[in-house]
Amino acid sequence: MQKYNLTSSFEDFIDDKELHSLLNIEEDVVAIRDIFQKTKSKQALSLKETATLLSIKSPELLEELFDTARELKRSIYGKRIVLFAPLYIGNYCVNNCQYCGFRSSLRDSVRKTLSANELNSEIIHLEREGHKRLILVFGEHPQYTPNFIADCVKQCYAVKEGNGEIRRVNINAAPMDVEGFKVVKEAGIGTFQVFQETYHKESYKKYHPGPGIKSDYLWRLNAMDRAFEAGIDDVGIGALFGLYDWRFEVLGLVRHSIYLQDRYGVGPHTISFPRLQPALGMNLDLPYAVSDLHFKQLVATLRLAVPYTGLIMTARESSQVRDDVIEFGVSQIDAGTKLEIGGYQEKRDGEQDLSREQFKVGDSRDLDNVIYWLLSRGFIPSFCTSCYRLGRTGEHFMEYAIPGFIGGFCTPNAMLTLAEYLEDYSSQKTKDAGYSLIENEIKMLGEAKQLELREKLELIKQGKRDLLY
Ligand code: SAM
Ligand code: SF4
């Protein structure tokens with residue numbers, strides 16, 4: 001077993017009773033419309049206001065919720081959708097999460113950790129597809145030490161293939177102690193993600209029976225406190241939807257965000273809301289499975305509750321659900337996703353082999369097709385990593401709130417990174433659609449910006465890369 005160094009003072013900021021009592025709020029049209037009005041000023045919502053939105057049941061108010069979320073998303077993020085790929089490094093795991101294809105009690109699962117050579121090959125394949133942003137995913141095991149994880153991160157940044165390079169590496173791994181977080185921070189990580197899975201203590205206990213440290217609810221709940229203590233200000237939280245009442249989980253996520261904001265002056269950089277998918281040997285009675293409509297409602301509610309937090313919708317969802325939900329608040333998606341360890345270099349066709357993968361993927365389209373879909377919906381696919389690389393993270397990330405920031409930085413950067421993709425990796429169909437969208441978008445910028453951007457786009461056509469604002 002790994003040794004953990006418990007230096008942080010732990011605080012249990014989830015009060016089950018309080019969250020349950022907030023779920024008793026009745027639908028009140030006036031109060032709900034007041035909250036819609038308040039969101040026009042782009043302020044984050046209180047827990048009670050979030051609970052008020054969660055009380056919505058009538059179709060008419062639901063439509064108003066979706067419209068408000070769509071508008072808020074447009075006004076804060078513009079038309080950009082950031083793209084990334086998950087890279088599974090290893091699936092050895094000491095924990096026994098009842099829903100996961102990597103859990104220790106599964107004897108039939110094929111265990112593997114990428115060697116340095118195999119990791120190299122995975123990175124090269126991802127770069128050849130056009131990816132610039134990765135999230136590295138690990139089981140929880142003594143071999144996945146902070147130093148091992150840091151080495152994987154450094155390798156991702158070091159491998160270059162043609163014009164390809166990885167510019168941002170996020171992590172989804174077991175929570176560390178403060179010393180461990182310091183080690184991975186040094187390697188230049190982007191966001192460190194830890195999902196609480198469920199904020200409901202009784203359900204947490206049920207689905208994480210042990211063995212393994214993950215059965216300790218508080219160790220996980222305070223993971224981000226330790227990350228902040230180690231100097232990491234870019235963290236991602238999440239809940240695995242389907243383990244308990246989805247409304248309770250939304251309140252848990254918002255409570256967690258408010259807690260981090262109050263205590264450290266910085267909320268989470270991202271929130272993820274994976275829905276439970278079938279996994280090897282998963283034979284669970286799931287009374288809290290979340291319908292597609294409730295999924296859309298939870299995304300829209302989160303958008304209004306935490307306007308400046310990135311919302312990540314993964315390829316666990318089908319292409320239809322992604323198409324239906326993306327406009328209501330999502331800012332990041334993965335594309336061309338392969339979950340098998342070594343899956344990018346192996347290119348196995350046909351059905352997924354669940355003995356080698358964590359769960360079933362819903363959207364198996366490749367990156368080019370996902371980009372084409374986004375373009376045809378009027379979104380600007382973005383590989384931008386500029387804020388992070390220029391130090392605009394944590395509290396500085398709030399520069400987002402400055403009027404004109406999106407138009408001056410984010411949208412042009414999205415177009416520049418899209419143009420790189422179109423030049424180096426795309427199909428002709430995507431290239432035509434991409435440049436046509438860029439042309440339309442440029443026309444909406446001020447004259448000086450247009451001129452400047454056209455010059456940069458011309459340089460990209462001539463072979464220059466990484467021209468960030
Ligand atoms: N092992 C680390 C941990 O548990 O924190 C790293 C991440 S785990 C590989 C990534 C996430 O996948 C988990 O936090 C969980 O939310 C999600 N996950 C696990 N099983 C799943 C399933 N059957 N369907 C959907 N998501 C699942
Ligand atoms: Fe291990 Fe993470 Fe899967 Fe739990 S969710 S079994 S900790 S890989």
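Both counts, for ligands and for their atoms, begin at 1 and track the order of listing.
- Residue-environment remark: NZ (K57) exceeds the threshold of 12 foreign heavy atoms within 6.0 Å.
- The atoms of ligand 1 that sit less than 4.0 Å from any heavy atom of G139 are 1 (N).
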Apply salt bridge (charged side-chain N to carboxylate O under 4.0 Å, His left out) to residues R275 and E317 and explain how you reach the verdict. CA-CA 8 Å; R275 266 195 298 183; E317 301 301 332; 2.6 Å; yes
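- Closest protein heavy atom to atom 16 (O) of ligand 1: E197 OE1, 2.5 Å.
- Taking the six-membered ring where tryptophan is involved, the planes of H20 and Y244 are perpendicular, since the angle between them exceeds 60° and thus also 30°.
- If you number the atoms of ligand 2 from 1 as listed, the ones under 4.0 Å from a heavy atom of C93 come out as 1 (Fe), 6 (S), 7 (S), 8 (S).
- One finds the CD atom of E122 at 10.0 Å from the NZ atom of K338 (value rounded to the nearest 0.5 Å).
- Near C100, meaning under 4.0 Å from one of its heavy atoms, ligand 1 places the atoms 20 (N).
- For E357, no heavy-atom contact with ligand 1 is shorter than 4.0 Å.
- If you look at F195 next to ligand 1, the close heavy atoms, those under 4.0 Å, all belong to the side chain.
- Atom 7 (S) of ligand 2 has its closest protein heavy atom at N95 ND2, 3.4 Å.
- Ligand 1 lies within reach of N172, whose nearest heavy atom is under 4.0 Å from it.
- Interface of G139 with ligand 2, defined as ligand atoms under 4.0 Å from a residue heavy atom, comprises 8 (S).
- Near K214, with a cut-off below 4.0 Å to any heavy atom, the atoms of ligand 2 are 2 (Fe), 4 (Fe), 5 (S), 7 (S).
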Checking Y259 against D225 for the side-chain hydrogen bond (donor to acceptor under 3.5 Å, both in side chains) test, could you report, in this order, the C-alpha distance in whole Å, the side-chain angles of both residues, the deciding distance, and whether it holds?
CA-CA 10 Å; Y259 166 79; D225 296 76; 2.4 Å; yes
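- The closest protein non-hydrogen atom to atom 4 (O) of ligand 1 is K214 NZ, 2.8 Å.
- Y217 and H200 form no side-chain donor-acceptor contact under 3.5 Å, judged by distance and modelled atom types alone.
- With a 6.0 Å radius and a threshold of 12 heavy atoms from other residues, nucleotides or ligands, E186 has its CD atom at or below the threshold.
- A distance below 6.0 Å separates the ring centres of H141 and Y92.
- Taking each of Y144, F138, F102, F241 in turn, the one with a heavy atom nearest to atom 6 (C) of ligand 1 proves to be F138.
- Within the coordination shell of atom 1 (Fe) of ligand 2, defined by N, O or S atoms under 2.8 Å, C97 is absent.
- Counting atoms of ligand 1 from 1 in the listed order, those under 4.0 Å from a heavy atom of R275 are 25 (C).
- Taking the six-membered ring for Trp and thresholds of 30 and 60 degrees, Y199 and H256 have ring planes more than 60 degrees apart, a perpendicular arrangement.
- Under a 4.0 Å criterion applied to the non-hydrogen atoms of V137, ligand 1 contributes the atoms 9 (C).
- For atom 18 (N) of ligand 1, the nearest protein heavy atom (residue, atom name, distance) is Q358 NE2, 3.7 Å.
- In the model, D366 has a side-chain atom that pairs as donor or acceptor with a side-chain atom of N369 under 3.5 Å.
- Contact annotation for L240 and ligand 1: only side-chain heavy atoms (C-beta onward) come within less than 4.0 Å of the ligand.
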message = side-chain hydrogen bond (donor to acceptor under 3.5 Å, both in side chains), that's the test. Do Y421 and T430 meet it? Break it down for me.
response = CA-CA 10 Å; Y421 175 82; T430 303; 5.9 Å; no
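- Around atom 26 (N) of ligand 1, the closest heavy atom drawn from Q277, Q98, R316 belongs to R316.
- Checked by distance only, ligand 1 and R220 come closer than 3.5 Å through their nitrogen or oxygen atoms.
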